[in-house]
K.L.:
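Here's a structure for you.
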Number of protein chains: 2
Amino acid sequence: MNPMATLEWLNTPIAAINTQTQQFAQARQAQLTKPPGSLGRLETIAIQLAGLQSTTQPSVERTQITIFAGDHGVTAEGVSAFPQSVTGQMIRNFSLGGGAINVLARSLGATLEIINLGTVDESQSEAKAETPADVKQHHLGQGTANFLHEPAMSRQQVAQALNIGREVINQAKQKATQLFIGGEMGIGNTTSATALACALLNTHPADLTGPGTGLDHTGVTRKINVIERALALHKPDIHTPLDALCRVGGFEIAALTGAYIHGAQLGLPMLIDGFISSAAALTAEQMAPGCKQWFIFSHQSAEPGHRLILQALEADPLVNLAMRLGEGSGAAVTVSLLRMACRLHNEMATFSEAQVSGKND
Amino acid sequence: MNPMATLEWLNTPIAAINTQTQQFAQARQAQLTKPPGSLGRLETIAIQLAGLQSTTQPSVERTQITIFAGDHGVTAEGVSAFPQSVTGQMIRNFSLGGGAINVLARSLGATLEIINLGTVDESQSEAKAETPADVKQHHLGQGTANFLHEPAMSRQQVAQALNIGREVINQAKQKATQLFIGGEMGIGNTTSATALACALLNTHPADLTGPGTGLDHTGVTRKINVIERALALHKPDIHTPLDALCRVGGFEIAALTGAYIHGAQLGLPMLIDGFISSAAALTAEQMAPGCKQWFIFSHQSAEPGHRLILQALEADPLVNLAMRLGEGSGAAVTVSLLRMACRLHNEMATFSEAQVSGKND
């Protein structure tokens, strides 16, 4: 990887969807031995994937999950229910196989990699040899700066993070990945994602701010106040989505954004997780309009602001399981639904094959 | 099986849930390396299963799916979008492995059996030797009678159907099944299930009737009218839930009801599918109060009346995928979510195991 590469690639066009395979899939669904439409969203997902994967036999057996992790300077303002050291500790937990996303990736047979973009306590997050999950080190600093007082990232850090996301997609594509899930870990990152979404949607923090990992009412009020003050500081200098990302984003959010943009450029279907990932997806869509055609939204997060971000993306996620963990976990949970949608599409008998009568009309 | 057995077993008490293993599971969830509650419904499902399975390590790897199939005399009134012959044809399709439920059962590694309780065209539904799905024949007649004019079933037929459901559960329990899914196939059975639910809930057919497999507006109006007239005929003779089942139910709905009651008596967790299955679950709960403790509701059906039946059962299904196929398909799709809930519960590291700091409070 060359983190110093330019950002010219951001202007590469978004890949086109294959409308022919999509139409073929739609026609096949009408011939399968079931009342038309009766598989509901499993039908539309199979049809969507047929268009995205440019095939009449969609499949998401080869799924890659990449977790981007980084620390947030704004944690100093008491905006999280957990201490900042947990980011590094959780990277170590992932490396040893104990996190929720490890269990889900094992259960799915999915590839799992962790990218450490910089935490306050590097001793905790060093990769161990021969550990269950692959941890790659791309330190951009010991966490972002506290955006209550200064930009979270320098231009160079943002560019590096975007390029790391791009390189993850290049490698995923080389491995013939059929579905990409980006996840995140970073104590304080709902604060960053909320500030970013507020800047991009021109919304008041009170409309978007939630408890994150478990703030009480007082904590949420403090978090709103921190975001309000930060936006007042930075708004005069925010003229583009990239400015917003730089001022109030985070390492992992910028890397996710780069991955989402490049995934759409290379035509890789991406399953979007919850609140933080959707804030990155919104940033990607604003930076490179049309990206969102390549997104499948997996779940409605319990974090209340997720609804507004999804609305802005005209997204209707598949399920609502009241999850709010991050780590790509909500997306990972729904991979099994996508797999079933594909298998039903590919394996069910048609009315003529099975000699079953069709509808009375 | 002895279909002439008495129905004394209906009075056997419902099994008690193990509150100790349930509490142990709840305590474990709070120790796993994630913010408390952040896995949402996957946490509550794991805790519920720990209580139902009387174990601290819940699992639904061994899942059995049994499809009960039968024809409905009321189909003569033009209440379905598909011809009646499709019931037998679909039994044949299941036997050859081409139905949605075959694909889902294969994908899950679940046991699948089909019970043919009686169709108009028996030639279509004969079991073939060496076919992918096991079809068992328990013919109670060539479909039910047309309940617009007479009781759908005789007392003897209802008793036989309930006993067949009971025997299915006995055999599932002998095979150490961890989760039971009952499904159904029967052209016309949303009409029967709607009439049954109207009788049990004392609701007007217009509030519960939907398009089933795909009726248009005129068809739905006709269906409402048929159910209204049928209820006017039978209501004076309906004094118990068993009376309602006998008058407007169906072979497959009665067998499902028997399975649900006996499953609750033997303490077998059951995953409930959509509209028809929930009407049977409602019948079971009214016949043997307390049954519903053993039910997990899988999905919200697109059939509009499902909502009212779920309300009556105080049920909040896991997902809404706009499915309306039956065959146990909605339940089968959610088995993967239950499996992930169990694996997360059993396999995630605790805060102390992973040396991760807990919440700041």
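Numbered from 1 within each chain, the chains take letters A, B, ... in sequence-line order.
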K.L.:
Determine, stepwise, if the pair A/L108 / B/M340 fulfils side-chain contact (heavy atoms from CB on, under 4.5 Å).
P.N.:
CA-CA 9 Å; A/L108 294 166; B/M340 289 199 182; 3.4 Å; yes
K.L.:
Which residues, numbered in order, of residues 41-49 of chain A come under 4.5 angstrom of chain B by heavy-atom distance?
P.N.:
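So far as heavy atoms go, A/R41, A/L42 are the residues that approach chain B to under 4.5 Å.
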K.L.:
Roughly how far apart are A/K34 NZ and B/L325 CG, rounded to 0.5 Å?
P.N.:
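Rounded to the nearest 0.5 Å, the NZ-CG separation comes out at 8.0 Å.
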K.L.:
Among A/A341, A/A322, A/S80, A/G330, which has the most heavy-atom pairs under 4.5 Å with chain B?
P.N.:
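Highest number of heavy-atom pairs under 4.5 Å: A/A322.
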K.L.:
Tell me, yes or no, whether the heavy-atom count around A/R222 atom CZ, taken from other residues, nucleotides or ligands under 6.0 Å, exceeds 12.
P.N.:
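Atom CZ in A/R222 is crowded, with more than 12 foreign heavy atoms closer than 6.0 Å.
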K.L.:
For residues 319-342 of chain B, which residue pairs qualify under side-chain hydrogen bond (donor to acceptor under 3.5 Å, both in side chains), counting only residues two or more places apart or in two chains?
P.N.:
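Listed once each, the pairs are A/S336-B/S336.
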K.L.:
Excluding sequence neighbours, so at least two apart, what forms salt bridge (Lys or Arg N to Asp or Glu O under 4.0 Å) with B/R343?
P.N.:
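Testing B/R343 for salt bridge (Lys or Arg N to Asp or Glu O under 4.0 Å), a comparison that skips the adjacent residues, returns B/E347.
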K.L.:
How close do B/T33 and A/M90 get, heavy atom to heavy atom, and via which atoms?
P.N.:
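Shortest heavy-atom contact: O-CE, 3.7 Å.
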K.L.:
With sequence neighbours left out, what residues match B/S38 under side-chain hydrogen bond (donor to acceptor under 3.5 Å, both in side chains)?
P.N.:
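Partners of B/S38 under the side-chain hydrogen bond (donor to acceptor under 3.5 Å, both in side chains) test: none.
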K.L.:
Can you tell me which portion of A/A302 sits under 4.5 Å from chain B's heavy atoms? Options are side chain, backbone, both or neither.
P.N.:
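It is neither, since no heavy atom gets under 4.5 Å.
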K.L.:
Would you mind telling me which of B/S301, B/G37, B/G98, B/G99 has the largest number of heavy-atom pairs within less than 4.5 Å of chain A?
P.N.:
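Max contact count across the listed options: B/G98.
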K.L.:
Examine whether an atom of A/T350 lies under 4.5 Å from a heavy atom of chain B, and if so say whether it belongs to the side chain, the backbone or both; otherwise answer neither.
P.N.:
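Contact with chain B: none, neither part.
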K.L.:
Any non-hydrogen side-chain atom of B/L321 less than 4.5 Å from a side-chain atom of A/V319?
P.N.:
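Result yes, sub-4.5 Å side-chain heavy-atom pair found.
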K.L.:
Just give me the residue among A/N346, A/L344, A/L32, A/D216 that pairs up with chain B most often, heavy atom to heavy atom, under 4.5 Å.
P.N.:
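Top count of heavy-atom pairs under 4.5 Å with chain B: A/L344.
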K.L.:
Of all of B/S357, B/A354, B/G212, B/G40, which one pairs up most often with chain A through heavy atoms under 4.5 Å apart?
P.N.:
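Of the candidates given, the most pairs with chain A belong to B/S357.
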K.L.:
Checking B/K359 side chain against A/G214 main chain: does a donor-acceptor pair fall under 3.5 Å?
P.N.:
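Confirmed, B/K359 side chain pairs with A/G214 backbone.
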K.L.:
Just give me the residue among A/G219, A/P35, A/G78 that pairs up with chain B most often, heavy atom to heavy atom, under 4.5 Å.
P.N.:
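It is A/P35.
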K.L.:
Non-hydrogen atoms of chain A under 4.5 Å away: do they reach the side chain of B/A332, the backbone, both or neither?
P.N.:
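For B/A332, the backbone is the part near chain A, not the side chain.
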K.L.:
At their closest point, which heavy atom of B/N93 faces which heavy atom of A/A349, and how far apart are they?
P.N.:
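For B/N93 versus A/A349, the nearest heavy atoms are OD1-CB, 3.6 Å.
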K.L.:
B/G326, B/P36, B/S107: which one forms the most heavy-atom pairs within less than 4.5 Å of chain A?
P.N.:
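Ranked by heavy-atom pairs under 4.5 Å with chain A, first place is B/S107.
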